[in-house]
Amino acid sequence: MAKNYWLIKSEPSTFSFDDLKKRTGQTEGWDGVRNYQARNFMRYHMQVGDLALFYHSSCAEPGVAGIVEITKSAYPDPSSWDAKSPYFDSKSSPDNPRWFMVNVTFKSEFKNFVSLKALKENDNLKDMKVVQKGQRLSIQPVTREEFSLVSKMGGL
DNA sequence: GCCAACGTTGGC
DNA sequence: GCCAACGTTGGC
């Protein structure tokens, strides 16, 4: 089975690549995704062993900080039926979960942060969703070529 | 803080 | 099933 490549967004003020690196086990459950397209990528296409670019959004310098590996495939997101969670959705329940999550684990940190600006300036990356205007998906597929080029730009 | 782009909701 | 209103995302 061919490996898939992804880009996942996080706001560093909420959860940064550095937070993941420092976490015990360097693993985080990727909860809180509340968009059907993003959910479906996780649920139907993400596999253990897939790699993802960890992207910082809504911050002073948006861009890719490093690489994570998918270490657990999609399972129901319990925050969706936790009334105290900011991600609560009354239409989701343990019996009938609407939202799913995966686990991601720190893989490698870029030697140089790859800014959104740098991504935009590279002609070979012009098809990446993240550089396109109005593209807000928090989980996006990237091609193997894009993934390896961005890794190279990051100094890996 | 602004605002464009997009997704979702809900009345009809 | 349409579409206007609203909420959210995210770069700047």
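Here is how names work: the chains are called A, B, and so on, in the same order as the sequence lines, proteins then strands, and each is numbered from 1.
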Can you check the [X] [atom1] to [N] [atom2] distance for me, whole Å?
X       : N       : atom1 : atom2 : value
L119(A) : dC12(C) : CG    : P     : 11 Å
R34(A)  : dC6(B)  : CZ    : C1'   : 19 Å
I8(A)   : dT9(C)  : CD1   : P     : 16 Å
L137(A) : dC6(B)  : CG    : C1'   : 10 Å
D89(A)  : dG7(C)  : CG    : C1'   : 15 Å
R136(A) : dC12(C) : CZ    : P     : 16 Å
E11(A)  : dC12(C) : CD    : C1'   : 15 Å
K117(A) : dG10(C) : NZ    : C1'   : 18 Å

Contact under 4.0 Å: K9(A) side-chain N or O vs dG10(C) OP1/OP2: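 It does, given that an N or O in the side chain of K9(A) lies less than 4.0 Å from OP1 or OP2 of dG10(C).
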
Test applied, side-chain hydrogen bond (donor to acceptor under 3.5 Å, both in side chains); reference residue, W99(A); option that passes from D89(A), D31(A), D77(A), N35(A):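 The passing option is D89(A).
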
Given [options], identify the nucleotide with an atom nearest to the side chain of [X].
X      : options                  : result
S58(A) : dG7(B), dG10(C), dT9(B)  : dG10(C)
N35(A) : dT9(B), dG7(B), dC12(C)  : dG7(B)
Y36(A) : dG11(C), dG10(C), dT8(B) : dT8(B)

Check: Y44(A)/R39(A) side-chain N/O donor and acceptor closer than 3.5 Å: no

Touch class at under 4.0 angstrom, heavy-atom based, for K120(A) against every strand present: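 Since only primed, P, OP1 and OP2 atoms lie under 4.0 Å of K120(A), the category is sugar-phosphate.
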
Charged tip of K84(A) within 45° of F88(A) ring normal and under 6.0 Å: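 No - K84(A) does not lie over the ring of F88(A) by the 6.0 Å and 45° rule.
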
Ring geometry between F147(A) and Y5(A) (parallel below 30°, tilted from 30 to 60°, perpendicular above 60°):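 Y5(A) and F147(A): tilted rings.
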
